[in-house]
Asker: 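Let me begin by handing over the structure; questions about it come next.
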Amino acid sequence: MRSNVIKKGIERTPHRALLLATGIPKSQMDKPFIGVATSFTDIIPGHISMDELGRFIEKGIHSGGGYPFFFGIPGICDGIAMGHKGMKFSLPSRELIADIIECIVEAHQLDGLVLLTNCDKITPGMLMAAARIDIPSIVLTAGPMLAGYYKGQRRNLTTDTFEAVGKFKKGLLTQKDMEALEMCACPSAGSCQGMYTANTMACVTEALGMSLPGVAATPAVMSEKRRLAFETGYKIVELVKKQINPKKILTKEAFYNAITIDMALGGSTNTVLHIKAIAKEAGIDLPLEIFDEISKKTPHIVNIIPSGEHYMEDLYRAGGIPAVLNRFKDKIYSNLTVAGYDIKEIAKKAEIYDEEVIRPLKKAYHKEGGIAILKGNLAPDGAVVKQTAVSSNMLKFEGTAKCFNSEEDAMKAILNGKIEKGDVVIIRYEGPSGSPGMREMLSPTSAITGMGLNESVALITDGRFSGGTRGPCIGHVSPEAAKGGPIAIVKDGDKILIDIPKRKLELLISKSEFNKRIKNWKPVKPKIESGYLSRYSKLVSSADKGAIME
């Protein structure tokens, strides 16, 4: 066992003394030492149930023959951080999470690792750490939130709070409605109710084989989640004894499987960043084009909010990710999972309980998967759009640019009625380096949708979008403005062409004018010049590479 380094031999007398000071009985010293990295916090709804889940993980580890040691990992709620300076810290926290876990595990030479997580950047950060350290590891995502209810309808965070702001501005909702929605939109513990980034990453994690079958869709408040927590704790000891490390699971085939399920679900565009970052830690090369290749041959068969009408709790009742895998049992690759058996076995054994929530391939919502990769003179290295959340009449769109150098300036213009039908809102200098931190643009996109403009206005940014975004919203434009990417040279009044079926994103100016503007572009002063974000800005790669720190 790795942990013998800190507990065996006469020279480790002081180490054992310190371990005994924690209260560990001498009878337990020969057991595998299991680290439990928990992002429990009182400020994130998706994490408030983790203290209880931790108890069941602990019971499982003890029952399996291991000894657990809990340690804390920081967590950021993207919803609370949205629309202000706080969002700059969300994506950069992913790298910190991976680094912190590496530090703790290597310093204490733990034998195995349980990763208790849930929300947007925390899950990928933990998976990056697991791939990097490569000791037996298993993930437990804490589960989605239940739907809220108001006036006889199910309610959720994005549609009924973020988009409600735009509706209120248009006079479509009263102050009483707003106060009621605020109270009921998030009625329980759990990650937000739709196929936003947290839940998409939970589904991706299960499809990768890094969490037990059924974990991703089981709501946070269900007793089944506690049982899964126990089984997760029990299973990690078995993984340690069999020396099943993450890199035996995180193969190229596993990533292809995960991308396939992501496309079938119509998942968040953020997964492109995260899957690439996890793959790099696992030593797997995943070009951006792979996402498009898989999307083109993967039908979109699960349509959950914000693009559809179903909720995560519906996916749970329909059979969860195992049932989705069942639809693709002849298309996915054979691959090992933390459950100890092949992903194809999980797919074949699964049952589908609702044919409308998880549709047959021939009755898909869309012929292609959730994400499309666009290229053109405006995004030479690529851009990302959630095509299943775009209405058919906006898949091809030519509009007039209105340019903003920050999210705040764009948001003021939207709420003050400055954006009109036919506009293409350009929000730049919000990329990984320029923001810094590549902020999500849920507030502007939700305001556009709430004001009824998502059928006539597009938004393009070198920043990111929340999984809650709907409409023709194109993000991850690479190279970013801060690095001299073409998005930096767009001017008010320029014509922009978006053609999602043909995967094109073009600035419609002459080649000579384009080259002249590129030649005359000058770097802008960094938005932040001290602290962690300043260091991050200098080291972070472009979005097409996963916004990893190099």
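Just so it is clear, the structure is predicted and the values come from calculations on it, not from any experiment.
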Asker: Report the residues that fulfil side chain to side chain donor-acceptor pair (under 3.5 Å) with Glu253, sequence neighbours left out, ordered by chain and then residue number.
Answerer: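 Once residues adjacent in sequence are excluded, the partners of Glu253 under the side chain to side chain donor-acceptor pair (under 3.5 Å) criterion are Thr251.
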Asker: Is the shortest distance from a Lys or Arg side-chain nitrogen in Arg154 or Asp314 to a carboxylate oxygen in the other one below 4.0 Å?
Answerer: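 Yes, charged N to carboxylate O under 4.0 Å.
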Asker: How long is the straight-line distance from NZ of Lys252 back to CG of Asp285, given to the nearest 0.5 Å?
Answerer: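 Going from the CG atom of Asp285 to the NZ atom of Lys252 covers 6.0 Å.
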Asker: With distance as the sole criterion, is a donor-acceptor pair present between the side chains of Tyr196 and Asn156 under 3.5 Å?
Answerer: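 The criterion, which ignores hydrogens and geometry beyond distance, is satisfied for Asn156 and Tyr196.
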Asker: Would you call the rings of Phe33 and Tyr67 parallel, tilted or perpendicular, where under 30° means parallel and over 60° means perpendicular?
Answerer: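 Rings of Phe33 and Tyr67: tilted, as their planes differ by 30° to 60°.
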Asker: Using the ring of each side chain (for Trp, its six-membered ring), is Tyr234 parallel, tilted or perpendicular to Phe230, with breaks at 30° and 60°?
Answerer: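 The rings of Tyr234 and Phe230 lie parallel, inter-plane angle below 30°.
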Asker: Any salt bridge (charged side-chain N to carboxylate O under 4.0 Å, His left out) involving residues 95-108? Give me the pairs, sequence neighbours left out, ordered by first then second residue.
Answerer: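 Listed by first then second residue: Arg2-Glu106, Asp99-Arg132, Glu102-Arg132.
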Asker: Taking all non-hydrogen atoms of both residues into account, name the closest pair between Met145 and Gln193 and its distance.
Answerer: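 What the structure gives for the nearest pair is O-CG, 3.5 Å.
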Asker: State which residue, out of Val204, Thr197, Thr117, Ile278, fulfils the side-chain contact (heavy atoms from CB on, under 4.5 Å) condition with Thr123.
Answerer: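 Exactly one option meets the side-chain contact (heavy atoms from CB on, under 4.5 Å) with Thr123, and it is Thr117.
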Asker: Could you measure the distance from the CG atom of Leu140 to the CD1 atom of Ile57? Nearest 0.5 Å is fine.
Answerer: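 Reported value, rounded in 0.5 Å steps: 5.0 Å.
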Asker: Is it possible for you to check whether Lys331 lies under 6.0 Å from the centre of the six-membered ring of Phe328, through NZ or CZ, and within 45° of that ring's axis?
Answerer: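 Ring-cation test returns no.
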Asker: Can a salt bridge be assigned to the pair Lys7 and Asp30 using a cut-off of 4.0 Å between side-chain N and carboxylate O?
Answerer: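 Looking at Lys7 and Asp30, the cut-off is not met.
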Asker: Using 4.0 Å as the upper bound for N to carboxylate O, is an ion pair formed by Glu355 and Arg327?
Answerer: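 Yes, charged N to carboxylate O under 4.0 Å.
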Asker: Under the salt bridge (Lys or Arg N to Asp or Glu O under 4.0 Å) test, which residues partner Lys296, sequence neighbours left out?
Answerer: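 Expected list: Asp292.
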Asker: Are His300 and Arg359 close enough, and set up right, to give a side-chain hydrogen bond (donor to acceptor under 3.5 Å, both in side chains), and what steps lead you there?
Answerer: CA-CA 9 Å; His300 173 220; Arg359 286 189 174 184; over 6 Å; no
